[in-house]
Enquirer: 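Okay, here's the structure, questions in a sec.
Note on naming: letters A, B, ... go to the chains in the order of the sequence lines (proteins, then strands), and numbering restarts at 1 for each one. Not measured: the values here are computed from a predicted model.
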Number of protein chains: 2
Amino acid sequence: MTMSLVTGEPNGHPCTECAIRRLSVCAALDNAELRELAHLGRHVHFAACETVFAQEEITSSFYNLLEGVMRLYKLLPDGRRQIVGFALPGDFLGLAASARHNFSADAIGSAMLCQFSKSAFARFSEDRPDLLRRINELAVRELSQAQDHMVLLGRRSAEEKVATFLVGWRDRLVRVSGPSQRVPLPMSRQDIADYLGLTIETVSRTFTKLERDGVIEIMPGSIGLLDPARAEALAAA
Amino acid sequence: MTMSLVTGEPNGHPCTECAIRRLSVCAALDNAELRELAHLGRHVHFAACETVFAQEEITSSFYNLLEGVMRLYKLLPDGRRQIVGFALPGDFLGLAASARHNFSADAIGSAMLCQFSKSAFARFSEDRPDLLRRINELAVRELSQAQDHMVLLGRRSAEEKVATFLVGWRDRLVRVSGPSQRVPLPMSRQDIADYLGLTIETVSRTFTKLERDGVIEIMPGSIGLLDPARAEALAAA
DNA sequence: TGCCTGATTTGATCCGCATCAAAGACCGCC
DNA sequence: GGCGGTCTTTGATGCGGATCAAATCAGGCA
């Protein structure tokens, strides 16, 4: 299921005006470099639930996520799934420790990515220490998030997990689209469960409990954070 | 508790003959670069249970672990602990997403590290794309391990967790000290529990069960892997 | 508008691991 | 070699979240 659609060169929509430039790996490049990079990348579109790359596939491209949300996940042979992260615009995808992908990535809703061939990108970054440092910075940030998530998975209760997720998700959305009391949740309850190491029933019950306690308001496709302070307290504790 | 002891310049024990050179970040450097780097680093020793750096402390150094084993962990305000990894010789420590450490690091037994001031190391790496790429490689490998560990924490049973830990630990030791049927476990049962998101009692019971099943043999400070195939099957499933 | 389908919520019950408690095993030290 | 402290193992019990089951909701489409 990798029906991608090329919708245009980034130069049709020049990198210098890219909305997510400051968030992405491209923040390390000046306008001249950006013009050069533009020739190497192309925009590709994915519809809801399409897979961009799968675990164990040979890595052949890097991607900048431009629009949309993606789920990054690993499967066990018996079908158990762990979502290792959600990607938002500005995230850089495709780095792997070996020649194969460590995890799978699908679009949650419709998504637009900027694709680079791995070899061309490697050649471009070869003698650009600023870009290498930027990639490093993003990788280390990811690692730090992964470590925070290990604490959540290993040591927190269901209620703490859900509250931490909601607060963290809201904070990430702020960087992309600015603050808002309404928090969109494009992913399904099953996705949230697989991210938090819970079942869908426990996630649903915990949402209901938080709503009864006046912490959140449940709406289709989003929640309202009625009592952010209380949610943050649950997330910190 | 940061009673470090300077025991000598790396040039007293030249980098070119460093036992862990090929495993470490230094594998990216040639002999001339290594001689230059030697002036920037110094060997520091830590006794069992001493803290090398603590969560939230300002980052001021990078380290190469030369000898010994370290535990890397995060604490919640109420004292719950999650060990995010164990470091072995060759591991590079001190990278952080912000100016502060994301986690704490203690020596488990006695440990020797090669310390570099962050600023001096940053200056040295500034225009060395090979070194930057090497750091990248190590960071991405860490990230990949972290993602594997999330699957373990979120989706595996106690028995799978313990078996996966034993097999993975053995595999890591092989890279450092070569293959062996006896697997040293320098860390305590509590450390293992906090790594796997379990309690000490569950870890102990699971060890006992694996021994009853003929998979392992429990010895003080180590285990014997009697039936590696069965342990690997538990780890894979 | 009303049906059909998948997602979500709610309910009842069960089980794996946590918790509480106590008995061994190991180690350093005198 | 004996003693005290810590770490590990074992036992008894309880609970949080999983599992099984069914009702309700939301959204797409005729």
Enquirer: Can a salt bridge be assigned to the pair B:D91 and B:R141 using a cut-off of 4.0 Å between side-chain N and carboxylate O?
Expert: no

Enquirer: Taking atom P of D:dC7 as reference, at what distance in whole Å does atom CD1 of B:I108 sit?
Expert: 13 Å

Enquirer: Rounded to whole Å, please give me the gap between CG in A:L196 and P in D:dG17.
Expert: 12 Å

Enquirer: Check the distance between D:dT9's C1' and B:E211's CD and give it to me in whole angstrom.
Expert: 11 Å

Enquirer: Write down the atom of B:G214, the atom of B:D227, and the distance for their closest heavy-atom approach.
Expert: O-CB, 3.8 Å

Enquirer: Would you confirm whether B:S177, through its side chain, and B:V174, through its main-chain N or O, come within 3.5 Å as a donor-acceptor pair?
Expert: no

Enquirer: To the nearest Å, how far apart are B:L185 CG and D:dT8 P?
Expert: 10 Å

Enquirer: Please work out whether the ring planes of B:F86 and B:F165 are parallel, tilted or perpendicular, with thresholds of 30° and 60°.
Expert: tilted

Enquirer: Tell me the interatomic distance from B:I216, atom CD1, to D:dT8, atom C1', rounded to whole angstroms.
Expert: 13 Å

Enquirer: Do you know which of B:K209, B:R230, B:R212 makes salt bridge (charged side-chain N to carboxylate O under 4.0 Å, His left out) with B:E159?
Expert: B:K209

Enquirer: Scan side-chain atoms only and decide if B:D106 and B:Y73 contain a donor-acceptor pair under the 3.5 Å cut-off.
Expert: yes

Enquirer: Would you give a per-nucleotide map of nucleotides 3-17 of chain C, 5' to 3', where B means the base has a protein non-hydrogen atom under 4.0 Å away, S means only the sugar-phosphate does, and - means neither?
Expert: -----SBBBB----S

Enquirer: Let me know the distance between CE of B:M219 and P of D:dT8, rounded to the nearest Å.
Expert: 15 Å

